Amino acid sequence: MKAVGRQVAARLRDRITASDPGLLRLAAGSRTAGAIALTLAVLAVVRAPVAHLVAGAIAAMVATFAIREKQRGQQAVTLALGLLVALVSVSLGALLNARVVAGDVFFVVLIFCAVYSRRFGDRGTALGLVGFQVYFLSLFVGATVSTLPGLYGVIALAFACSAFVRFVVVYETPAGILQRLREAFRVRLAQLVSAHLGLLDAGPDEVDKALEDVREGSARLHETAMMIQGRLDDGTPDKAVAQLLQRRIADAEIAAERLGLLLLNARSAERADTLTLHLPGAPVPSGGHLPVRDEALDTLRRDLETLRLLVLRPVGQRGGTGVAHLRNRLLGYRDEENLPPASRDVQDVFRGIGEAARAVLGLRVALEGPQDESDDTPATTRSREELDAENAAIEGAQEGEPEAEQEQRGLRRPTTRAAAQVSVGSALAIVGGEFLSSQRWYWAVLTCWIVFINTSSTGEILVKGYRRLVGTVLGVVAGIVLAGLVGHNAWTALALVLLFVFAMFYTAPLSYTLMSFFVTAALGLLYTLLHTYSLSVLVLRVEETALGAACGIIAAALVLPVRTDRRTNELLVTVLDRLAAVTDAAVDQLSGGPAVDLLDKARDLDQALGDLRAATQPLTHPITPLRARRNTAQYVVALLETCAYHARSLAATAELLATHPSIAADPRLRRACERITGNIAAISAHVADEHATDEVRTGPSIASLLERDVAGTPRYGRITDRVLRHLQRLDEAVVGLARPLGVPVASRKP
């Protein structure tokens, strides 16, 4: 029974780890709810009035969620400065509360400054949030000069409780967060291997669903890899350790994605294009056929289960001779050892399993250090030697100079433009809100403020405003029900508020609609505590929310507007430029050129692609009426994800060049890259300027170009063949971008 209990606990832990990488959402919700609970407990002991309980809860929430720095020392400094800003803000709110015009003008100025302060990084963003939210607090509780001393004490207590919970109760360090993210990567990698098994076993009617599971698993694994990338500098002791872990994570991600493609080829009636793995809803070519059930397929299924076992084995756990034997068998496939008799496509899957096993071994060496090698076979020994050589190369590498990015100035700077837009939108919201309610007009301003956070285009603001309105309407319904059940039982209401605050921060990264729902439901309970609850108040909340969202959209459309098309075009150019940079640098290194930091370039490409994917959400949202435009946006992003996969694979192969005797530089590859980078430049030019005259060129396959380039040169080996396949797929994907983006394709010369 104990063993069964441990297994159930382990599976539950893995599920939580995979659903919340690094437990970041759990920590954020617990930290905020804990700070509020502690503040309320202390205020209850001193028998503070309900208005102070509400003010303390809001101040504790603001003091906790506004701090975003990763280092504890920086967090402490920002928290101290935030307290000073909060005291000044509540003082001005109390002084200007009775002066309508002056108060409104100051509120607009404060909003401008709060948004503009984002240009100064996390600290500027935090102080701006504190200033705005505490001024809002003063309006919510009706602060006056006579109530200021009590509010000073409440706010100071809230900040102190927030600090105690942050630095003592929910204690987090960058190294600890990185450790949990690595654990999440391990679990998500195992889940992706399980999805691969599902793809192998799915019947003809189930194969498309199985493929969708593989797509989702690959996306979740990539998301975790990017989260780890953002924590490496703060969570590792030195640059060499960060680079080593970055390399091993990249190897595992690429090996897993390649394994999915090889399985897809084995399931397809014809060779599958990489795009099939990245385009939502794309079916398996020719409907997919179920491989013949034979001994090779049974071995393949067993080996996938073995790979999953190796991935799931906790870091630090020694598996003994049995696990070592399984690992050795999988690694042998890399050297063509014991490949079962099967079709070429199925044998490629076995080779892919060998590469994935090698990536898992590399992760364990990076995380655990030297291991017991007594049971190693020659194939495993070779893999270890390769990993040791790579580690030595990483430790001896020199840190390159970061690329300087050109900073936009004046009204072209995003923070300045956003500050101007939200100020105009807030002014409109104040005027309109006063017509709806002279007492609660600030809800419209709050909505206008929030819809501008983390948005960059009119379309993003429209979608965010829509989601907030939907969440608010649902929250009002919940507030009506809860207010009737709770009545004026203060502690029951506060307990539910704590629960909703936790849920708000836990669900915020997943669904903005859910977050708005929990916020509105909590506010309904706070109104109940302040004895100001009524159905008309909650209806007014919906009206003010709709007004604020409308004012934000109007301001975004009329004041220094950034259309969604313009925003996505700018990001698309960035993605194309970084794609060309990664491809050119990788092929140059594979051709014998100097070594550069290719993985950093590949991650820059991934980051740019992630920004583009987020910016296209207004175009791909289910409510958009422009179906053809939505399909085009999805197709373009999927093609770019395909290009990024091949570029990452080229970069990973190029980084092995200096340490692997089986990989040799081939000068012929440089010629193969010229057409690809030229086509990327042509597409980029057309996206930046629709009047550009550049054309996309097509021609013979990449392999035939190399064969014609150097007559009589020996044919390339297996590794170069893989590079050529990546280049060929990349060439096809880049040419495929021309049609949906309206770039002319030059007629092929005979």
Side-chain angles (χ1 to χ4, degrees), residues 6-38 60-61 63-72 74-75 79 122 126 161-192 194 216-217 219-236 242 245-246 248-249 252-253 311-317 363 366-368 498-512 514-515 518 610:
R6 284 195 297 268
Q7 291 177 357
V8 172
R11 285 197 294 268
L12 179 61
R13 183 177 61 252
D14 285 347
R15 284 182 177 274
I16 295 173
T17 299
S19 64
D20 182 15
L23 302 181
L24 298 179
R25 291 187 286 119
L26 178 64
S30 301
R31 190 164 48 238
T32 307
I36 295 174
L38 183 59
M61 182 177 67
T64 306
F65 82 77
I67 310 300
R68 298 181 180 180
E69 283 112 335
K70 297 173 184 176
Q71 298 293 341
R72 297 174 74 237
Q74 296 174 346
Q75 293 174 1
L79 200 59
D122 288 338
C161 291
S162 175
F164 179 78
V165 172
R166 176 181 294 275
F167 299 126
V168 178
V169 180
V170 187
Y171 179 80
E172 284 190 311
T173 62
I177 293 173
L178 181 60
Q179 174 63 34
R180 294 198 298 270
L181 285 172
R182 294 191 311 226
E183 181 69 8
F185 184 86
R186 178 186 67 83
V187 176
R188 285 191 165 182
L189 180 57
Q191 289 179 340
L192 179 55
S194 297
E216 182 180 354
R220 286 161 61 87
L221 186 69
H222 182 66
E223 174 194 24
T224 311
M226 294 301 294
M227 293 173 72
I228 292 174
Q229 173 73 13
R231 298 277 179 173
L232 283 175
D233 291 339
D234 294 309
T236 51
L245 187 55
Q246 179 186 13
R248 298 299 167 235
I249 292 292
E253 183 187 355
V311 173
L312 279 176
R313 186 163 55 94
V315 172
Q317 176 179 314
L363 267 178
L367 298 178
E368 301 178 29
L498 284 177
L499 178 63
F500 289 156
V501 167
F502 174 84
M504 175 177 65
F505 284 94
Y506 191 80
T507 60
L510 302 178
S511 170
Y512 186 72
L514 273 178
M515 188 196 78
F518 287 119

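Given the structure is predicted, the values throughout are model-derived calculations rather than measurements.
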Q: Please confirm whether the backbone N or O of Ala126 pairs with a side-chain atom of Arg68, one donor and one acceptor, at under 3.5 Å?
A: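 Not a single qualifying donor-acceptor pair exists.
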(Q) Using only atom types and a distance under 3.5 Å, with no angle test, would you say the side chain of Arg186 pairs donor to acceptor with the backbone of Leu312? (A)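 Checking the backbone N and O of Leu312 against the side chain of Arg186, a donor-acceptor pair under 3.5 Å is found.
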Check whether any side-chain heavy atom of [X] lies under 4.5 Å from a side-chain heavy atom of [Y], and answer yes or no.
| X | Y | result |
| --- | --- | --- |
| Leu363 | Ile249 | yes |
| Gln71 | Pro174 | yes |
| Leu24 | Met227 | yes |
| Arg72 | Tyr171 | yes |

Q. Do Arg182 and Gln179 get their side chains close enough for a donor-acceptor pair, meaning under 3.5 Å?
A.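 The answer is yes; a qualifying pair exists.
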Q) How far does CE of Met226 sit from CG of Leu221, to the nearest 0.5 angstrom? A)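 The CG atom of Leu221 is 12.5 Å from CE of Met226, to the nearest 0.5 Å.
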(Q) Apply side chain to side chain contact (heavy atoms under 4.5 Å, CB included) to residues Leu245 and Leu178 and explain how you reach the verdict. (A) CA-CA 11 Å; Leu245 187 55; Leu178 181 60; 4.2 Å; yes
Quick one: side chains of residues 28-38, donor-acceptor pairs under 3.5 Å with protein atoms, not counting sequence neighbours, listed by atom name and distance.
unit_1 : atom_1 : unit_2 : atom_2 : d
Ser30  : OG     : Leu26  : O      : 2.8
Arg31  : NH1    : Glu172 : OE1    : 2.9
Thr32  : OG1    : Ala28  : O      : 2.9

Q: Could you tell me which residues satisfy side chain to side chain donor-acceptor pair (under 3.5 Å) with Glu223, sequence neighbours excluded, listed by chain and number?
A: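 With sequence neighbours excluded, Glu223 shows a side chain to side chain donor-acceptor pair (under 3.5 Å) to Arg188, given in chain and number order.
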Q: Indicate the atoms forming the closest heavy-atom contact of Gly22 with Ala184, along with that distance.
A: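 So the two residues come closest at N-CB, 4.1 Å.
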Q) If you take all heavy atoms of Phe65 and Phe505, which pair is closest and at what distance? A)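 Between these two residues, the closest heavy atoms are CB-CE2, 3.2 Å.
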